[in-house]
Amino acid sequence: MEKPSPHDILEHAFAQYSDAIFRHCWFRLGNRESAKDLVQDVFARTWDYLMAGNEIDNMRAFLYRVAHNLVVNARIRTQPVSLEDTIESDRSREPSEDNRQAAYAKLEVEQALERLSQVNPAHTEVIVLRYIDGMAVKDIAELLSISENAASVRIHRALEALRDIIPHTP
Amino acid sequence: MKQFEELIDQARSQTLSPGEKTALWTEIERHTHGHPARIRRGTVRRLSPYLFSHPFRYAAATALAISLVLVSVAEAALPGDILYPVKIQVTERIAASVSPTPRAKAAVQTALIERRLKEAEQVIERSSKDRVPPDEAVVAELTERVAKHVKAAHEKIGEIQQEDPETAVEASSELKVAIGSHKSALADIEEGNGSEDNADIVGLNTVLDEAASSTDVLQNDIEEDLEIQASSTVIRIASERIERLDGRIERAKSRIERVGNADQARKAARRIAEAETLADDARKRVSEKQREGLMDLIDSAESLAGSVELLKPDRPRNDGPDQEKGPASSNDIPDAIHSSSDHLPDSSNDIPSLLNASSSDTEGI
């Protein structure tokens, strides 16, 4: 069987994983547009890697690793948005509504993002990897270059932190 | 934990829209065209160790050594020197022909323009030292070559523009800088030598002026292209979003009918009216191709419609006699914060309990 061309490999990877990588970036950054920029960067870098004559055995793991590194870089460059700022921006859009009530009543994914972003970034990272990307603890450990035990502990602590943020979380 | 589960469930269902996917893939493909394969280390065949075992090995080795010496000495040759044709016909032709992409070819042409202009500067300086006017034929040849390289560079930049206008802007800027800096250098030399009246130098200057202005025109053309591309992308995305927004406003309207509390319903109706006004304004801007502030308008309208969509319906649709009763008392409106989980679709059966998941994650700690 003829070996697929790098273009075919990239196209197939895009069709298969672009949504997952987008979700990962979106939930880590909390901004849809920045997430789309990152998805573009992830696949562009993957192309450059293939063009340098390298081969990729596990495309999914490779894409997540590139995305993870880009998110970390993007985080360093951008300032975090506080809950107060979020409520303040809601107030400017909906002047007559009680701020906090409006913030919580808008129970959409954006709200979930805002809440998750209140968790320590390292906690958000493992929550996204474990529950949104559906990664196994072993894969998370490998991606973050930590032991499986350390990954489990981090997930456990992240869930504890999350319980303080989301109402009715036992 | 149900609320968190539902949030995660919602989150997992988020995807790129088909339009977003197409736009992203177009950009990625553009990147792939601009970044072809690099030569891999080890893929270039090495010279055979048996090459020089041929009976004529000494002759071959000598010829190769002479060629290398000639080529390297020719690099410093000026027009009129014996080795100048070697420089022009061998080394520069090879450099131009092995450039793999239009971007690299444009860069080579820019480098060649710089070389010719540097040579012109050296010829003028040398003649000034000898207190003789520069050789007219030499300057004319250099002028002609500069014009030829400018034309070739423009052609290559035009090719790049078809594929990647941003890179084309980069290439034309390089060309502009090269021409501009050598124009100033030539002017300084002329001023120092008092050679403004020399017809051949004036000819070279005229070619440079024309090159600078035609490169300007080319760059403006590419930048306009870029602007049009960016503008049409924003307008297309905005149109798609307005279409979705209309659906959202309709859903929000139907939600108002099911809100029992009159105060809440009034507030919701006002928000819907506001969202409709913003959507109309956005539609108008799309038709007029005005992209400034367009996405902000749609964001605000979506936010307003979204907040109404999320209101808790405290009575079923078409509930007949109940609607006649008027608004429910304020006691009937649960706190939005605590009720938010109740009005979401129950999908807890679809995803494993996060509590269970978390305990399994942390097993063995």
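Chain letters run A, B, ... following the sequence lines, proteins first, then strands; residues in each count from 1. Below, each value reflects all heavy atoms present in this structure, side chains not excepted, and no hydrogens, waters or symmetry copies.
Rounded to the nearest 0.5 Å, atoms NE2 (H7(A)) and NE2 (H33(B)) are 5.5 Å apart. Note: W26(A) CH2 to L16(B) CG = 9.5 Å, rounded to the nearest 0.5 Å.
Heavy atoms of other residues, nucleotides or ligands lying less than 6.0 angstrom from CD of E159(B) number more than 12. Remark: R45(A) CZ is loosely packed, at most 12 non-hydrogen atoms of other residues, nucleotides or ligands lying under 6.0 Å away.
Within the 4.5 angstrom heavy-atom criterion, atoms from both the backbone and the side chain of L10(A) approach chain B.
With sequence neighbours excluded, no residue satisfies side chain to side chain donor-acceptor pair (under 3.5 Å) with R285(B).
No side-chain heavy atom of E29(B) sits less than 4.5 Å from a side-chain heavy atom of E11(A).
Annotation: residues 20-28 of chain B contacts chain A through E20(B), K21(B), L24(B), W25(B), E27(B), I28(B) [non-hydrogen atoms, separation under 4.5 Å].
Per-residue heavy-atom pair counts under 4.5 Å with chain B were compared for A15(A), S18(A), P6(A), and the maximum is reached by S18(A).
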